[in-house]
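Reading through the structure tokens given below for one structure.
Excluded from the calculations below are hydrogen atoms, water molecules and symmetry mates; all remaining heavy atoms, backbone and side chain alike, are included. What you are looking at is a predicted structure, and each value in this text was computed from that prediction instead of being measured. Chain letters run A, B, ... following the sequence lines, proteins first and then strands; every chain starts at 1.
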Amino acid sequence: SAVISQKPSRDICQRGTSLTIQCQVDSQVTMMFWYRQQPGQSLTLIATANQGSEATYESGFVIDKFPISRPNLTFSTLTVSNMSPEDSSIYLCSVEAIPDTQYFGPGTRLTVL
Amino acid sequence: EDQVTQSPEALRLQEGESSSLNCSYTVSGLRGLFWYRQDPGKGPEFLFTLYSAGEEKEKERLKATLTKKESFLHITAPKPEDSATYLCAVQKDSSYKLIFGSGTRLLVRP
């Protein structure tokens, strides 16, 4: 498995601002992912964070709204830009530490006022 | 369209009362089916991966099985600490993406 940490664990932000969420894993991994879990709903993949190249976004998610960085094999950031109350969610990073198995971080609970 | 449906949405059991959670899926080219447990305020915790029909995996009081259309998570003699939301997800051959169901909220009463 892998030990994954996220910062911040939670935040309350004002409409129109941006928040950057960090994800750190304790070992080098090729695949890192960002998911969103809206209130009362299940998880939806936002994008795959690729090391050394641009992230790959799922349908409905765009780079301008959710820019992602992946500077090395143990770290990634997700920025939620120009936030609105609809962005209030839990944001989770996951890694594929062993083939075909994704492990999740503890999540960042975001509330937008 | 790829789809994962979990039932029931919520389940209340008495301690020791065994039951099963269902995950039915419609996906072309299944690579694997995954079960996770999620406690309030935490990220999903990996439980099992199943790859082919007929496969079974066990961990303590939990046993996961897979057919061509659905998976079951059997809970034998549950304890209050088994209370959590159980999530099912599928992964297609062509993608790393996990497609999640909406989960089953399990409450085990002492």
Counting heavy-atom pairs under 4.5 Å to chain A, which of B:Tyr96, B:Phe34, B:Tyr51 comes out on top?
-> B:Tyr96
Name the member of B:Val4, B:Leu87, B:Leu98 that forms the most heavy-atom pairs with chain A at distances under 4.5 Å.
-> B:Leu98
Check for me, please, whether [X] and [Y] land in the same ILVMFWY cluster - side-chain distances under 4.5 Å, paths through other members count.
X	Y	answer
B:Phe100	B:Phe48	no
A:Ile4	A:Ile90	yes
A:Leu92	A:Phe61	no

Find the one option among A:Gln102, A:Arg10, A:Glu58, A:Gln6 whose heavy-atom pairs under 4.5 Å with chain B are most numerous.
-> A:Gln102
Chain B: which of A:Gly105, A:Pro106, A:Cys93, A:Gly107 shares the most heavy-atom pairs with it under 4.5 Å?
-> A:Pro106
Give me the contact list for residues 33-44 of chain A versus chain B, heavy atoms only, anything under 4.5 Å, ordered by residue number.
-> A:Phe33, A:Tyr35, A:Gln37, A:Ser42, A:Leu43
For the rings on B:Tyr36 and A:Phe104, is their centre-to-centre separation under 6.0 Å?
-> yes
Which atoms of B:Lys97 come close to chain A, meaning under 4.5 Å heavy atom to heavy atom: side chain ones, backbone ones, both, or neither?
-> both
Is it the backbone or the side chain of B:Gln38 that comes under 4.5 Å from a heavy atom of chain A, or both, or neither?
-> side chain
With a 4.5 angstrom heavy-atom cut-off, could you sort out which part of A:Thr48 is near chain B: side chain, backbone, both or neither?
-> neither
